[in-house]
**Q** 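Okay, handing you the structure first.
Note that this is a predicted model, so its numbers are computed, not measured. All chains are named by letter (A, B, ...) in the order of the sequence lines, taking the proteins before the strands, and each is independently numbered beginning at 1.
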Amino acid sequence: MRFAPNPSGPLHLGHARAAVLNDYFSKKYNGKLILRLEDTDPKRVLPEAYDMIKEDLEWLGIKIDNVVIQSDRMDTYYEYGRKLIEMGHAYVCQCNPEKFRELRANGIACQCRDLGVERNLELWEKMLNGELENTVVRLKTDIKHKNPSIRDFPIFRIEKTPHPRTEDKYCVYPLMNFSVPVDDHLLGMTHVLRGKDHIVNTEKQKYIFDYFGWKMPEYIHYGILKIEGPVLSTSKMHAGILEGKYRGWDDPRLGTLRALKRRGIKPEAIYKLMTEIGIKQADVKFSWENLYAANKDIIDKDARRFFFVENPKKVVIEGAKHRVLNLRAHPDREDLGTRELIFDRNIYVSDDLKIGKMYRLMELFNITIDKIENGTIYAKYHSDDFKIARQNKAKIIHWIPVIDAVKTKVIDTNAKEHIGFAEKDFRIANIDEIVQFERFGFVRVDEKKDDEVICYFAHK
RNA sequence: GCUCCAGUGGUGUAGUCCGGCCAAUCAUGCGGGCCUUUCGAGCCCGCGACUCGGGUUCAAAUCCCGGCUGGAGCACCA
C-alpha cells in the first residue's frame, strides 16, 4: 500500500486519516507501506515539506518501508508516456484549452487526435526539448464518455517553473492520472485507500492499466472527513504564516499534526480515532470530543497535578499561621512524588469571592470573606476541619501562595492567552511535559522563561 | 446543470455483501448515584438511532423502486 501526499506543507488531520488507514491495513495483512511524495507540480512544492512529512509520519508511529519521490522518476514516466504514444493510445494536443473544452463538451475529437504515431513522436520530442508551449499529451479514452472530464484527459503538461529538486532539468511533467497508475503498478500496489474525491480519477486511471494490460490494484474510497475548527488548507496556512498571522506550522489554530503535538495531543490518540472512523464512504464529522477523550485516556495517568489560578486576585488572610503542605503530584500515584505549598498570609485565587461567605482553600482550611479594598480581598481564618466546610456548603477553591508563585501563560486553541499563577513547584515540570491544572484542563509545557512559563492548552 | 455515491442515537462505530439469533454493538457525550478536599479519574445506573414512503417476503436496518437529505467529481492540481 502507499501513502502519497503532495509535499506542499506538513501533514494535517486529513492526511493523518490516509496515512493511518494505509498503515493500519498494511500492518494487519503483513503488507508493505510506501511513502510516495507526489511532487510533479513544481508550483506546489515546498522544499521543507519532504522532511516535515517524514517527521510527522514518524511521530504518528507509521512505519514506512520505502520512500519514493516522483521527481526522481521522470524518465520512467517519459518512457511509459512514449510507449502509450507508440501504441497509438495517446497523442500530443496543441489545441488551446478553451477550444478543446468546447469540443470536448460536444463529444467531438480535436484534429490532433488523428495525427499519426510518427508525427506524435516528433512533437513529443519537441515537447521534451522545451520547444513547445501550451501543449499537452492526451490519453485516448472515449470522446463521447458520459463524464466529459474523462474524454481524452491530459496525462502530460508543460510547466517551465523550476522544480525545487530538479530545477530546470524537466519542463514536461506527468499529471497525477498518469503518474499514479504507472507508479501504483511498478511499485507493486495491491490495495489503495484514498478519499472519494478520487473516484473519477480511478475511472480515468483504469484506462492506463488497461492499455498496458496491467492488473489494477484494489482502489477503495473513503468518505470526506469534515473537520470543524482549525485551518486545514495548506495554501491558507502557508499564506497566514508568511503574513505573520500564524506563529508557524504549529500554531494552535491550525490542523497540522505539529500543532496538535504542540498542544499535547498524543499520536496514539489520533491513530486510534482514525482507525475507529474507518473507511466507510459516507462523509463523517471529525469528533474533537472523541479525540480529547482518547487523549485524556492516555495522558491522565501520568499527568502531574498543579494548582493554577487564572485572572488572579490577591487575598490577605488574617488569623492563620504560616504552614507547609505536602500534596501528591497525582491523586492515584504515589510514585510521582509530592509538591509543596507554603501558606503565608497572602494568596491568589481565581474565583470571585463574596463578602460574608465561607470558602474552603483546598487542602488547607476554611476562611470567611471580610471585605474587599482596592482589589485586594481580606479574609479571616475560620477553621481547619473539612467537615465544617461541608456543613456550610463552602465552595472549595484553589489557591496559590503569592511568594514564589510562577507566572504562567496558557495559550488556548484560538491562540488566546490566559494569564495566571501556578504553584511554585510547577517550576519542576519539564518542557514538553503534559500536566493537569486542576479544574482548568490539561496543558503541555512549551517554554520556560526566567519570569514566566508558557503552556499550550490541550483539553479539559 | 450533468455524472456518481452515501444516509444507524448529539458524535464516531458494529451489523447491510450471504434477510431471521438486531425491540440493534462498542466508545464518546449527556443525566443521576457512589467515591473523592479537582467541576479530574474510577465504579454503578440511566438517556438516546436503523432518512421517509411504497414493494417483495412467513420475516427487512439488511433486498427492490421512488422521494428527501447530504456529499464527491465535472482543471494543462494532487
**Q** Heavy atoms under 4.0 Å, any strand shown: does A:H221 hit a base, just sugar-phosphate, or nothing?
**A** nothing
**Q** Watson-Crick or G-U wobble partner for B:C74, using a 3.5 Å limit on both distances?
**A** B:G1
**Q** From CZ of A:R104 over to C1' of B:C76, roughly how many Å is that when rounded to an integer?
**A**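 About 11 Å, once rounded to whole Å.
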**Q** If the P atom of B:C39 is compared with that of B:C22, how far apart are they to the nearest Å?
**A** 40 Å
**Q** Looking across every strand, which nucleic acid part, if any, lies under 4.0 Å from A:N177 by heavy atom: base, sugar-phosphate, or nothing?
**A**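 The answer is nothing, as A:N177 stays clear of every strand by at least 4.0 Å.
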**Q** Could you state the CD1-P distance from A:I277 to B:U28, rounded to the nearest angstrom?
**A** 15 Å
**Q** Between C1' on B:C77 and CZ on A:F153, what's the gap in Å once rounded to a whole number?
**A** 15 Å
**Q** Against A:F308, only a single residue in A:F437, A:F457, A:F442 fulfils ring pair (Phe, Tyr, Trp, His ring centres under 6.0 Å); can you say which?
**A**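 Of the listed options, the one satisfying the test is A:F437.
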**Q** Reckon A:V136 touches a base, only the sugar-phosphate, or nothing at all at heavy-atom distances under 4.0 Å?
**A**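 Touches a base.
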**Q** Exactly one of A:R104, A:R101, A:R113, A:K140 should register a salt bridge (charged side-chain N to carboxylate O under 4.0 Å, His left out) with A:D152. Which one does?
**A**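 Looking at A:R104, A:R101, A:R113, A:K140, the match for A:D152 under the salt bridge (charged side-chain N to carboxylate O under 4.0 Å, His left out) is A:R113.
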**Q** Rounded to the nearest Å, what distance is computed from the CZ atom of residue A:F442 to the P atom of nucleotide B:U38?
**A** 14 Å
**Q** Output, in order, the C-alpha distance, side-chain angles, deciding distance and verdict of side-chain hydrogen bond (donor to acceptor under 3.5 Å, both in side chains) for A:D183 and A:Q70.
**A** CA-CA 9 Å; A:D183 280 346; A:Q70 287 193 320; 2.8 Å; yes
**Q** Ignoring hydrogens and angles, state whether a donor on the side chain of A:T161 or A:E159 is under 3.5 Å from an acceptor on the partner side chain.
**A** yes
**Q** Establish, with yes or no, whether the OP1 or OP2 oxygen of B:C74 is under 4.0 angstrom from a side-chain nitrogen or oxygen of A:R151.
**A** no
**Q** Using the C1' atom as the reference point in each nucleotide, state the distance between B:C52 and B:G7 in Å, no decimals.
**A**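 It comes out at 11 Å once rounded to the nearest Å.
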**Q** Nearest whole Å is fine: how far is B:C76 P from A:R101 CZ?
**A** 6 Å
**Q** Given that both distances must come in under 3.5 Å, which nucleotide forms a Watson-Crick or G-U wobble pair with B:A6?
**A**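 When the pairing criteria are applied, B:U69 turns out to be the nucleotide that pairs with B:A6.
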**Q** Relative to A:Y80, does A:K83 satisfy both conditions: NZ or CZ under 6.0 angstrom from the six-membered ring centre, and within 45 degrees of the ring's axis?
**A** yes
**Q** Can you see if the side chain of A:K280 gets near the phosphate of B:U13 - specifically, an N or O under 4.0 Å from OP1 or OP2?
**A**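 Checking A:K280 against B:U13: at least one side-chain N or O falls below 4.0 Å of OP1 or OP2.
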**Q** Tell me whether A:R138 forms a cation-pi arrangement with A:F100, defined as NZ or CZ under 6.0 Å from the six-membered ring centre and within 45 degrees of its axis.
**A**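 Judged by the rule, A:R138 and A:F100 form a cation-pi pair.
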**Q** Going by the side-chain contact (heavy atoms from CB on, under 4.5 Å) test, name the single residue among A:T166, A:I69, A:D72 that passes it with A:D39.
**A**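 For A:D39, the side-chain contact (heavy atoms from CB on, under 4.5 Å) test succeeds with only one of A:T166, A:I69, A:D72, which is A:I69.
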**Q** Are A:T40 and B:A78 close enough that a side-chain N or O sits under 4.0 Å from OP1 or OP2?
**A** yes
**Q** Please work out if A:P154 contacts a base, only the sugar-phosphate, or nothing of the nucleic acid, heavy-atom cut-off 4.0 Å.
**A**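 Sugar-phosphate, no base atom in range.
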**Q** Only one of A:M189, A:Q205, A:M216 passes side-chain contact (heavy atoms from CB on, under 4.5 Å) with A:P181; say which it is.
**A**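 Single side-chain contact (heavy atoms from CB on, under 4.5 Å) partner of A:P181 among A:M189, A:Q205, A:M216: A:Q205.
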**Q** Could you identify the nucleotide paired to B:G46, looking across every strand shown and requiring Watson-Crick or G-U wobble geometry with both distances under 3.5 Å?
**A** B:C30
**Q** When you check every protein heavy atom under 4.0 Å of nucleotides 30-37 of chain B, what one-letter string (B, S, -) results, 5' to 3'?
**A** -------B
**Q** Using the P atom in both, what is the distance from B:U13 to B:U51, to the nearest Å?
**A** 14 Å
**Q** Between A:E438 and A:A282, which is nearer to the 5' end of RNA chain B once each is assigned its nearest nucleotide?
**A**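 Final value for this comparison: A:A282.
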**Q** Can you check the distance between B:G20 and B:A59, where both ends of the measurement are the P atom (answer in whole Å)?
**A**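 Result for the P pair: 15 Å, nearest Å.
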**Q** Hey, is the side chain of A:E289 pairing donor to acceptor with the base of B:G10 inside 3.5 Å?
**A**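 Looking at the base of B:G10, it does pair with a donor or acceptor on the side chain of A:E289 (distance under 3.5 Å).
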**Q** Just to verify, which of A:Y173, A:Y91, A:W124 counts as forming a ring pair (Phe, Tyr, Trp, His ring centres under 6.0 Å) with A:F156?
**A** A:W124
**Q** Roughly how many Å apart are B:C50 and B:G10, using the P atom of each and rounding to a whole number?
**A** 9 Å
**Q** Using the closest heavy atom to pick a nucleotide of RNA chain B for each, name whichever of A:M176 or A:K146 lands nearer the 5' end.
**A**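 With A:M176 and A:K146 compared, the 5'-side residue is A:K146.
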**Q** Can you tell me the distance, in whole Å, between the CG atom of A:L273 and the C1' atom of B:C26?
**A**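 Value for this atom pair: 14 Å.
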**Q** With A:R157 as the cation and A:F178 as the aromatic partner, state whether NZ or CZ is under 6.0 Å from the six-membered ring centre and within 45° of the axis.
**A** no
**Q** Given the P atoms of B:A60 and B:G71, what is the spacing between them in whole Å?
**A**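 32 Å, rounded to whole Å.
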**Q** For A:P174, report the nucleic acid contact type (base, sugar-phosphate, nothing); a contact means any heavy atom under 4.0 Å.
**A**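 Contact class for A:P174: sugar-phosphate only.
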**Q** Give me, pair by pair, the N or O atoms of the protein and of nucleotides 60-70 of chain B that are less than 3.5 Å apart, along with how far apart they are.
**A**
none

**Q** What is the distance, to the nearest angstrom, from the CZ atom on A:R305 to the C1' atom on B:A41?
**A** 7 Å
**Q** Think A:R17 forms a cation-pi with A:F286, using NZ or CZ under 6.0 Å from the six-ring centre and within 45 degrees of its axis?
**A**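 No, A:R17 and A:F286 do not form such a contact.
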**Q** In whole angstrom, give the distance that lies between atom NE2 of A:H145 and atom P of B:G73.
**A** 16 Å
**Q** Would you indicate what A:E38 reaches in the nucleic acid, counting non-hydrogen atoms under 4.0 angstrom: base, sugar-phosphate, or nothing?
**A**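 Sugar-phosphate contact only.
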